[in-house]
Protein chains: 2
Amino acid sequence: MGANDLTSEKKMTAFQKVIDHLRDQIRSGKLPEHAALPSERAIGEHFGISRMTARRALLAVEQEGLAYSSGRRGRFVSPQRLTYDISKTVSFFAHAESGELGLKIELISKQIIQADAALAAKLAVAEGDTLYKYTRLFLLKGHPAFVEEEFAVAHLFPDLFSHDLQQSTTLLMEREYGMPPHSGDIAIRMRALNEEEAGLLGLPTYNAGIELEQVIFDAGGRPFCFGRQIWRGELAEFTAHAILRNRRSPTPGKV
Amino acid sequence: MGANDLTSEKKMTAFQKVIDHLRDQIRSGKLPEHAALPSERAIGEHFGISRMTARRALLAVEQEGLAYSSGRRGRFVSPQRLTYDISKTVSFFAHAESGELGLKIELISKQIIQADAALAAKLAVAEGDTLYKYTRLFLLKGHPAFVEEEFAVAHLFPDLFSHDLQQSTTLLMEREYGMPPHSGDIAIRMRALNEEEAGLLGLPTYNAGIELEQVIFDAGGRPFCFGRQIWRGELAEFTAHAILRNRRSPTPGKV
DNA sequence: CCAATGTCCTGGTATATACCAAGATAAAAG
DNA sequence: CTTTTATCTTGGTATATACCAGGACATTGG
């Protein structure tokens with residue numbers, strides 16, 4: 001005992017070695033953005049491990065956000081994370097326009113629906129009121145970033161569907177209907193993708209993503225639009241600057 | 001050929017059946033919060049599938065946030081998600097005190113360090129300046145919720161470590177040092193846990209979680225504290241209310 | 001030149017098995 | 001009654017193998 005201490009890190013599991021290797025390759029830039037990672041089988045042979053172990057390692061790297069899988073085409077290096085300042089704008093499109101992000105919108109579906117209880121509460125309308133509903137896929141440089149479902153109070157935006165929906169609806173509502181956003185209620189959480197979302201985002205089902213919900217209010221505090229985005233988790237970062245309201249003791253002196 | 005169409009959903013994979021079953025059990029309340037899920041082996045036998053397939057199903061349910069694993073003790077039903085309004089308070093503790101959440105703080109480590117480039121930039125001090133650093137684990141009703149690493153500018157808080165760190169440091173800094181938080185810069189993203197975090201949170205490494213970073217400023221706009229929390233993803237939801245700054249056309253009239 | 005075809009590579013699913021280590025628990029020893 | 005020990009259960013890791021279906025791509029036929 002104590003003769004072979006040179007083999008320092010032998011506690012490492014096989015798939016952790018692979019993870020570390022892939023991480024290095026990606027972080028060092030040897031594998032640039034959107035470059036293909038070795039396949040499960042290739043890694044298995046190269047490291048002398050079974051394909052299933054190689055697979056676990058690749059899935060871990062995927063979870064880590066360093067790589068993304070694209071159906072049966074293979075796995076690729078994730079692009080750099082992008083930040084979305086939720087306290088400055090309610091429209092990601094408006095946010096993205098300034099920087100050159102190569103944003104593209106694909107319309108997946110549009111329909112006219114009746115508000116259910118949950119939507120009615122969020123949009124301060126009666127249950128059964130007419131709403132526009134449309135689903136869109138947002139791509140950054142050709143790569144899926146998030147899926148958005150949006151609900152708009154119908155009577156405020158007559159003939160909304162006659163306009164092009166491949167643009168910022170927030171800007172559209174402001175320009176065409178004189179309805180500028182004034183404030184927003186936002187919720188962010190992590191959850192698993194359902195089958196449809198996974199398909200659109202090119203991810204395996206049950207992958208985790210980040211959901212961002214927002215209710216947009218006009219200057220009078222009336223909600224007119226509710227949106228629900230589900231992002232590829234490795235892609236997004238949300239920032240905000242918060243000014244704190246007066247709390248229990250309105251500290252005299254300053255302020 | 002056309003005789004057995006009653007077996008309607010036979011395209012379902014084995015592990016999807018298990019997922020649906022577990023989801024039902026949890027959503028319907030047959031399995032209450034923190035109740036134990038069947039083990040991998042038990043599910044395998046019950047559904048006539050191999051343990052590895054049962055395992056994949058359980059991992060998917062875990063990813064979905066419906067269940068959490070707790071080392072080698074088994075898997076359990078996740079408690080209800082809790083919301084944390086980031087635009088109203090910078091202290092989760094202060095936030096949690098009001099509601100009866102059963103919050104407990106465990107001090108993991110504390111040390112005095114020199115600021116590296118990244119920390120120096122965030123806290124507006126010189127590289128090499130002295131900082132307090134402490135890591136704490138936050139538990140809700142006895143269950144790990146998030147790990148927090150906090151960095152405070154040392155010269156502003158003499159003898160910080162002589163105080164009890166099992167309380168809200170924001171409140172501590174306000175009460176003992178007359179340094180109330182005025183505003184905060186917040187960033188939220190999804191990322192994988194490292195080994196230490198996974199251990200503390202009772203999760204397998206490389207699981208995804210939600211990271212919340214915040215820089216806290218005083219009334220003069222000077223940063224004095226930087227915190228980094230990593231949450232169990234299925235547990236947290238972050239909300240904010242944003243008032244939009246004047247954009248291209250400073251809408252006349254209100255405000 | 002273009003469309004159709006077939007082959008190869010890829011990840012997704014699934015089985016059956018094996019060993020390990022940590023947690024839980026019951027049994028044995030003090 | 002308490003402490004220690006041994007056993008059982010659990011998830012974590014790992015292998016070797018197999019079949020399927022979709023994407024990529026070169027070859028073939030018109």
Side-chain angles (χ1 to χ4, degrees), chain A residues 9-20 22 34-63 67-77 142-144 192-193 195 198-207, chain B residues 9-20 22 34-63 67-77 142-144 192-193 195 198-207:
Chain A
E9 314 122 351
K10 63 178 164 190
K11 49 202 159 185
M12 262 191 143
T13 59
F15 93 108
Q16 275 178 329
K17 279 182 207 159
V18 178
I19 289 175
D20 286 346
L22 291 172
H34 301 297
L37 266 64
S39 73
E40 300 175 353
R41 287 169 176 89
I43 288 178
E45 283 169 29
H46 186 285
F47 284 83
I49 58 177
S50 81
R51 184 191 149 199
M52 290 313 286
T53 306
R55 179 180 173 75
R56 280 202 308 130
L58 281 163
L59 289 174
V61 171
E62 217 178 307
Q63 275 240 326
Y68 64 93
S69 96
S70 183
R72 286 173 173 93
R73 276 187 299 125
R75 290 191 175 81
F76 306 90
V77 179
H143 299 277
L193 308 172
E195 250 170 302
L200 289 169
L201 293 176
L203 291 170
T205 319
Y206 304 115
N207 246 46
Chain B
E9 314 120 350
K10 62 178 163 189
K11 49 201 160 187
M12 263 189 141
T13 59
F15 94 109
Q16 274 178 330
K17 278 182 208 160
V18 178
I19 290 174
D20 286 347
L22 291 172
H34 300 297
L37 267 62
S39 74
E40 299 176 354
R41 288 169 176 88
I43 289 178
E45 283 168 30
H46 185 286
F47 284 84
I49 58 177
S50 80
R51 185 191 149 199
M52 290 312 286
T53 306
R55 178 181 174 75
R56 280 201 308 129
L58 281 163
L59 288 174
V61 170
E62 219 176 305
Q63 275 239 325
Y68 65 93
S69 96
S70 182
R72 286 173 174 91
R73 277 187 298 124
R75 290 190 175 80
F76 306 89
V77 179
H143 299 276
L193 308 172
E195 249 170 304
L200 290 170
L201 292 176
L203 291 171
T205 318
Y206 303 116
N207 244 48

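What you see is a predicted model; the values in this text were computed from it and never measured. The sequence lines fix the lettering, A, B, ..., with proteins before strands; numbering per chain opens at 1.
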Visitor: Rounding to an integer number of Å, can you tell me how far B:Arg56 CZ sits from C:dT15 C1'?
Guide: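 The answer, rounded to whole Å, is 11 Å.
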Visitor: D:dA18 P sits how many Å from A:Met52 CE, rounded?
Guide: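 Computing the A:Met52:CE to D:dA18:P distance gives 15 Å.
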Visitor: Just how far, in rounded Å, is C1' of D:dT10 from CZ of B:Arg55?
Guide: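 One finds 10 Å between C1' of D:dT10 and CZ of B:Arg55, rounded.
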Visitor: Taking atom types as they are modelled, would you say the side chain of B:Arg51 forms a donor-acceptor pair with the base of D:dG12 within the 3.5 Å cutoff?
Guide: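 Result: at least one qualifying N/O pair found.
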Visitor: Please state how far atom CD in B:Gln16 lies from atom P in C:dT13, giving the value in whole angstrom units.
Guide: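 Distance check: B:Gln16 CD to C:dT13 P gives 7 Å.
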Visitor: Let's see if you get this right: which residues in residues 40-48 of chain A place a heavy atom under 4.0 Å from DNA chain C?
Guide: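 When residues 40-48 of chain A is checked for heavy atoms under 4.0 Å from DNA chain C, the hits, listed by number, are A:Glu40, A:Arg41.
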Visitor: Would you tell me if any nitrogen or oxygen in the side chain of A:Thr53 comes within less than 4.0 Å of OP1 or OP2 on D:dA14?
Guide: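 False: A:Thr53 side-chain N/O out of range (4.0 Å or more) of D:dA14 OP1/OP2.
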Visitor: How many Å lie between CZ on A:Arg72 and C1' on C:dC8, as a whole number?
Guide: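 After rounding, the gap between these two atoms is 15 Å.
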Visitor: Could you point out which residue of B:Arg56, B:Arg72, B:Arg51 forms a salt bridge (charged side-chain N to carboxylate O under 4.0 Å, His left out) with B:Glu40?
Guide: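 Between B:Glu40 and the candidates, salt bridge (charged side-chain N to carboxylate O under 4.0 Å, His left out) is satisfied uniquely by B:Arg51.
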Visitor: Drop me the distance from B:Leu200's CG to B:Leu193's CG, to the nearest 0.5 angstrom.
Guide: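 Rounded to the nearest 0.5 Å, the CG-CG separation comes to 10.0 Å.
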Visitor: For B:Leu59 and C:dA14, give me the distance from atom CG to atom C1', rounded to whole Å.
Guide: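 Going from CG in B:Leu59 over to C1' in C:dA14 covers 15 Å.
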Visitor: Are the side chains of B:Pro38 and B:Leu58 in touch, meaning some heavy atoms are under 4.5 Å apart?
Guide: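 The answer is no; the side chains never approach within 4.5 Å.
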Visitor: Any side-chain heavy atom of B:Tyr68 within less than 4.5 Å of one from B:His143?
Guide: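 Counting from C-beta outward, B:Tyr68 and B:His143 do come under 4.5 Å.
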Visitor: Counting only side-chain N and O atoms of B:Ser39, is one of them less than 4.0 Å from OP1 or OP2 of D:dT9?
Guide: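 For D:dT9, OP1/OP2 do not have a side-chain N/O of B:Ser39 under 4.0 Å.
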Visitor: Can you sort out the partners of A:Leu59 under side chain to side chain contact (heavy atoms under 4.5 Å, CB included), two or more places apart, ordered by chain and number?
Guide: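 With sequence neighbours excluded, A:Leu59 shows a side chain to side chain contact (heavy atoms under 4.5 Å, CB included) to A:Arg55, A:Glu62, A:Arg75, given in chain and number order.
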Visitor: Would one find a side-chain N or O of B:Arg75 under 4.0 angstrom from OP1 or OP2 of D:dT10?
Guide: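 Looking at the OP1 and OP2 atoms of D:dT10, neither is under 4.0 Å from any side-chain N or O of B:Arg75.
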Visitor: Send over the distance from B:Leu58 CG to D:dG11 P, rounded to a whole Å.
Guide: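 Those two atoms, CG and P, are 7 Å apart.
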Visitor: If every non-hydrogen atom of B:Ala54 is compared with every non-hydrogen atom of B:Ile43, which pair is closest and at what distance?
Guide: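 Minimum heavy-atom contact is CB-CG2, 3.6 Å.
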Visitor: From C-beta outward on A:Ser50, which listed nucleotide comes closest to its side chain: D:dT10, C:dG23, D:dT15?
Guide: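 Shortest atom-to-atom distance from the side chain points to D:dT15.
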Visitor: Does A:His46 have any ring pair (Phe, Tyr, Trp, His ring centres under 6.0 Å) partners at least two apart in sequence or in another chain, and if so, which?
Guide: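 A:His46 satisfies ring pair (Phe, Tyr, Trp, His ring centres under 6.0 Å) with no residue once adjacent residues are dropped.
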Visitor: Roughly, in whole Å, what's the span from CZ in B:Phe15 to P in C:dT15?
Guide: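 Computing the B:Phe15:CZ to C:dT15:P distance gives 12 Å.
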